[in-house]
Amino acid sequence: KPLITSVEFSSLSETGASCSWKFNGTLDKFSVTLSDSQSNAISGSPIEKTESELSEEFTGLTAGETYTCSVVATSGAKNSDAKRASFTTYPFTPAVVITYNGTRNLSAEWSVQEGGFESGFRIVLSRCSNADMETTVASSVLARDWNDLIPGTECQVDVWSISNNVSYY
């Protein structure tokens with residue numbers, strides 16, 4: 001009976017990833033299935049691969065979504081147990097607009113592409129006060145104001161998308 005020893009992912013992006021695997025034994029083919037977070041097989045799955053094809057590139061995925069790559073090896077009439085690895089595509093990077101309101105106030109607004117799975121945003125204001133100011137907000141919040149900043153200092157605003165409790169910049 002063939003044995004899949006590992007399944008890994010790489011080349012992770014907002015809309016794609018590569019799934020690769022290793023095996024022991026003699027086999028005829030691999031069957032690769034990509035499923036979304038609700039265990040629904042993605043269109044085109046399963047994909048049949050030969051013994052020498054040890055990876056599959058997936059594109060057109062949804063940003064910020066969790067997927068599972070499952071690989072089964074076949075040798076004659078025997079199938080290996082499925083070996084799986086899960087990954088989450090990066091959420092879309094927010095587009096940030098900064099507005100200065102007088103000499104001591106600053107506003108930041110951001111937008112995201114429709115269809116992303118952001119659970120929130122991490123906002124950091126740095127270099128314009130005695131200490132960096134960091135906050136986390138829900139995905140429905142798309143703006144932040146700061147008041148009473150030190151006049152004449154340069155400020156930096158960074159906004160990260162949060163998906164599955166991981167920050168992406």
Side-chain angles (χ1 to χ4, degrees), residues 1-97 108-124 126 132 134-142 144 156-169:
K1 180 175 175 177
L3 174 68
I4 304 292
T5 58
S6 67
V7 176
E8 300 173 347
F9 60 89
S10 61
S11 303
L12 198 56
S13 71
E14 293 172 341
T15 59
S18 180
C19 179
S20 61
W21 52 91
K22 296 179 182 171
F23 70 98
N24 285 333
T26 304
L27 56 93
D28 301 322
K29 66 179 180 176
F30 297 103
S31 180
V32 182
T33 303
L34 185 68
S35 303
D36 64 17
S37 59
Q38 282 74 46
S39 299
N40 298 315
I42 302 301
S43 179
S45 289
I47 300 164
E48 301 296 321
K49 305 295 266 184
T50 66
E51 179 182 0
S52 61
E53 297 175 297
L54 300 176
S55 68
E56 178 64 26
E57 184 77 23
F58 296 103
T59 59
L61 305 179
T62 300
E65 173 71 86
T66 299
Y67 295 91
T68 300
C69 179
S70 176
V71 181
V72 174
T74 300
S75 179
K78 295 181 180 182
N79 289 335
S80 71
D81 293 331
K83 188 82 168 178
R84 297 171 180 86
S86 294
F87 62 90
T88 301
T89 53
Y90 296 145
F92 289 116
T93 303
V96 181
V97 176
E109 294 182 26
W110 53 92
S111 60
V112 294
Q113 287 187 283
E114 190 174 326
F117 280 80
E118 292 82 11
S119 57
F121 301 97
R122 179 174 160 235
I123 302 100
V124 177
S126 58
D132 290 353
E134 181 175 335
T135 188
T136 302
V137 297
S139 62
S140 60
V141 178
L142 299 175
R144 176 76 163 85
Q156 177 175 326
V157 176
D158 294 306
V159 179
W160 285 268
S161 293
I162 299 174
S163 181
N164 294 324
N165 296 318
V166 177
S167 295
Y168 299 92
Y169 178 71

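Predicted model only: the values in this text are computed from it and were never measured.
Within 6.0 Å of atom NZ in K49, more than 12 heavy atoms from other residues, nucleotides or ligands are found, so the atom counts as buried in its surroundings.
Considering only heavy atoms from C-beta on, T89 stays 4.5 Å or farther from T15 through its side chain. A heavy-atom distance below 4.5 Å is found between the side chains of L34 and L61. Residues L54 and S20 are not in side-chain contact: their nearest non-hydrogen atoms beyond the backbone lie 4.5 Å or more apart. Side-chain contact check for I123 versus W110: some heavy-atom pair is nearer than 4.5 Å. Counting only heavy atoms from C-beta outward, the side chains of F23 and P2 never approach each other to under 4.5 Å.
Nearest heavy-atom pair, C69 versus V7, reported as atom, atom and distance to 0.1 Å: O-CG1, 3.9 Å. When all heavy atoms are compared, the tightest approach of T5 to N24 is CG2-ND2, 3.3 Å. In terms of heavy-atom proximity, F58 sits nearest to C19 at CE1-CB, 3.8 Å. Here the closest non-hydrogen pair linking V157 and A108 is CG1-CB, 4.0 Å.
Y67 meets the ring-ring contact (aromatic ring centres under 6.0 Å, His included) test with F87; sequence neighbours excluded.
Between the side chain of S31 and the main chain of V72, no donor-acceptor pair closer than 3.5 Å is present.
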